[in-house]
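Everything below concerns the one structure shown next.
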Amino acid sequence: MTIRAVVKGVGHYLPENVVPNSYFEDKLDTSSDWIVSRSGIERRHFAAEGQTTSDLATNAAKAALENAGLSGNDIDAIVLATSTADLTFPSAATMVQHNIGNTRGFAFDLQAVCAGFVFALTNANALIQAGSAKRVLVIGAETFSRIMDWQDRGTCVLFGDGAGALILEAQEGTGSTDDRGILSTDLNSDGSYRDLLYVDGGVSTQSTGVLRMEGKEVFRHAVEKLAQTAHTALDKVGLGSDDVDWVVPHQANIRIIQSTAKKLGVGMDRVVVTVQDHGNTSAASIPLALSVGVANGQIKQGDLVVTEAIGGGLAWGSVVVRW
Ligand code: UT7
């Protein structure tokens with residue numbers, strides 16, 4: 001008997017304030033044409049003043065619970081991937097736990113920047129396989145608008161705020177790749193690339209800091225490492241590109257998404273793309289794209305879905321799940 005972490009529900013939340021590229025045109029030496037042609041981004045959402053990551057995460061969690069037909073106390077564990085938690089502590093996950101009325105589970109944050117949701121899914125899968133939890137709420141939520149340098153045109157036009165959530169439930173499988181649920185995972189990191197993408201402040205330096213990125217270098221690593229990690233995850237369970245129904249990539253740049261799909265041998269008609277509407281929402285980008293993909297009828301039960309992401313660290317990875 002194999003225990004599988006099966007998707008029971010999905011949901012997302014985007015702040016009301018939609019910011020088009022034109023917003024930046026009179027503030028910076030940039031143009032909507034440049035942003036669209038270099039990144040594919042047309043608009044992004046920014047959280048309202050006072051709206052925090054746990055607020056966004058709570059709304060996404062409630063949407064996922066409703067989608068699954070569950071209530072807060074049906075959840076055993078909450079794993080929240082974020083690099084922009086409300087406070088140094090307690091975790092944003094425990095705030096969500098309280099907000100959804102969960103009084104019996106456990107909750108914690110996990111930080112792997114833009115790869116955070118892939119790391120969170122892998123950890124949730126491990127909790128379920130170890131018997132530590134039967135139902136896990138996995139969230140990716142960010143307010144990257146709080147860590148932007150608004151004078152840096154190379155970064156501030158790229159990021160947005162949002163949250164997505166998934167509920168995983170332990171179910172018995174046969175052990176074959178026909179099973180629903182998480183089939184395979186692959187995680188990587190290499191701290192020698194620390195200076196390519198980082199925030200120049202933090203608790204230990206007594207500041208908040210702003211995001212710094214060597215865009216071109218990160219781009220180069222992304223194109224090389226994303227297809228590699230997705231292939232590794234598929235290989236582990238004897239699956240190939242032809243078996244894939246949907247690639248749901250981290251939404252940082254349409255050119256990275258396209259070249260990764262090409263390397264994977266998957267046509268763009270099998271890739272969920274939301275970067276034009278959300279910008280780069282870091283750990284929230286994959287659950288947002290999963291939720292949008294389900295809502296618009298792309299991803300259906302039984303489909304083989306491959307997620308892949310890379311971000312600061314560098315940290316990167318992939319999860320293969322039969323929906
Ligand atoms: O989520 C974590 C992972 N992050 C990523 O995956 C991001 C990876 N990187 C990228 O997506 C791309 O590298 C960017 C979108 C950040 C930049 O695109 P690029 O094609 O690599 O452009 P570049 O950095 O080489 O810049 C080309 C030119 C430069 O001018 P010069 O030096 O050629 O005169 C930049 O200064 O474009 C300039 N530039 C801009 N121009 C207008 C940079 N930002 C802007 C801007 N508007 N906003």
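First listed ligand is number 1; within each ligand, the first listed atom is number 1.
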Using a 3.5 Å distance criterion without hydrogens, assess whether the side chain of [X] forms a donor-acceptor pair with backbone atoms of [Y].
X: Arg270; Y: Val244; result: yes
X: Thr205; Y: Gly202; result: yes
X: Asn21; Y: Ile41; result: yes

Say whether His250, considering both its backbone and side-chain N or O atoms, lies within less than 3.5 Å of an N or O atom on ligand 1.
-> yes
I need the atoms of ligand 1 closer than 4.0 Å to a non-hydrogen atom of [X], numbered in the order shown.
X: Ile256; answer: 6 (O), 8 (C)
X: Arg38; answer: 15 (C), 20 (O)
X: Ala252; answer: 1 (O), 5 (C), 6 (O)

All side chain to side chain contact (heavy atoms under 4.5 Å, CB included) counterparts of Pro287, not counting sequence neighbours =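 Only Phe117 meet the side chain to side chain contact (heavy atoms under 4.5 Å, CB included) criterion with Pro287.
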Heavy atom of protein inside 4.0 Å of [atom], strictly below:
atom: atom 33 (O) of ligand 1; answer: no
atom: atom 39 (N) of ligand 1; answer: yes
atom: atom 11 (O) of ligand 1; answer: yes
atom: atom 29 (C) of ligand 1; answer: no

Less than 4.0 Å is my threshold; does some heavy atom of [X] fall inside it relative to ligand 1?
X: Leu197; value: yes
X: Leu158; value: yes
X: Gly154; value: yes
X: Ile310; value: yes

So which heavy atom in the protein is nearest [atom], and how far is it from that ligand atom?
atom: atom 2 (C) of ligand 1; result: Cys114 SG, 3.3 Å
atom: atom 26 (O) of ligand 1; result: Trp34 CZ2, 4.3 Å
atom: atom 35 (C) of ligand 1; result: Arg153 NH2, 3.9 Å
atom: atom 18 (O) of ligand 1; result: Arg255 NH2, 3.4 Å
atom: atom 47 (N) of ligand 1; result: Thr30 OG1, 2.6 Å
atom: atom 15 (C) of ligand 1; result: Asn253 ND2, 3.6 Å
atom: atom 1 (O) of ligand 1; result: Asn280 ND2, 2.6 Å
atom: atom 23 (P) of ligand 1; result: Lys216 NZ, 4.0 Å

Answer yes if the side chains of Asp303 and Trp246 hold a donor-acceptor pair under 3.5 Å, and no otherwise.
->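 Distance-only check passes for Asp303 and Trp246.
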Assess the side chains of Glu142 and Thr281: does a donor N or O sit below 3.5 Å from an acceptor N or O?
-> no
Measure the spacing between CG of Asp190 and CH2 of Trp316 and express it to the nearest 0.5 Å.
-> 5.0 Å
In terms of heavy-atom contacts, does NZ of Lys27 have more than 12 from other residues, nucleotides or ligands at under 6.0 Å?
-> yes
With a cut-off of 6.0 Å (strictly less than), are more than 12 heavy atoms of other residues, nucleotides or ligands near NZ of Lys225?
->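 Counting neighbours around NZ of Lys225, more than 12 heavy atoms of other residues, nucleotides or ligands fall under 6.0 Å, so yes.
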Starting from the C-alpha separation in whole Å, work towards a yes-or-no answer on side-chain hydrogen bond (donor to acceptor under 3.5 Å, both in side chains) for Thr229 and Glu308.
-> CA-CA 7 Å; Thr229 182; Glu308 27 94 345; over 6 Å; no
Stepwise side-chain hydrogen bond (donor to acceptor under 3.5 Å, both in side chains) test for Ser54 and Asp86 = CA-CA 7 Å; Ser54 73; Asp86 306 23; 2.6 Å; yes
Report the member of Val218, Val223, Asp33, Ile35 with the shortest heavy-atom distance to atom 5 (C) of ligand 1.
-> Val218
Do Val36 and Ile254 share a hydrophobic cluster, counting only Ile, Leu, Val, Met, Phe, Trp and Tyr and linking them when any side-chain heavy atoms are less than 4.5 Å apart?
-> no
Name each donor-acceptor pair under 3.5 Å that joins a side chain in residues 158-167 to protein atoms two or more places apart or in another chain, with its distance.
unit_1 : atom_1 : unit_2 : atom_2 : d
Asp161 : OD1    : Phe144 : N      : 2.9
Asp161 : OD1    : Ser145 : N      : 2.9
Asp161 : OD1    : Ser145 : OG     : 3.4
Asp161 : OD2    : Ala47  : N      : 2.7
Asp161 : OD2    : Ser145 : OG     : 2.7

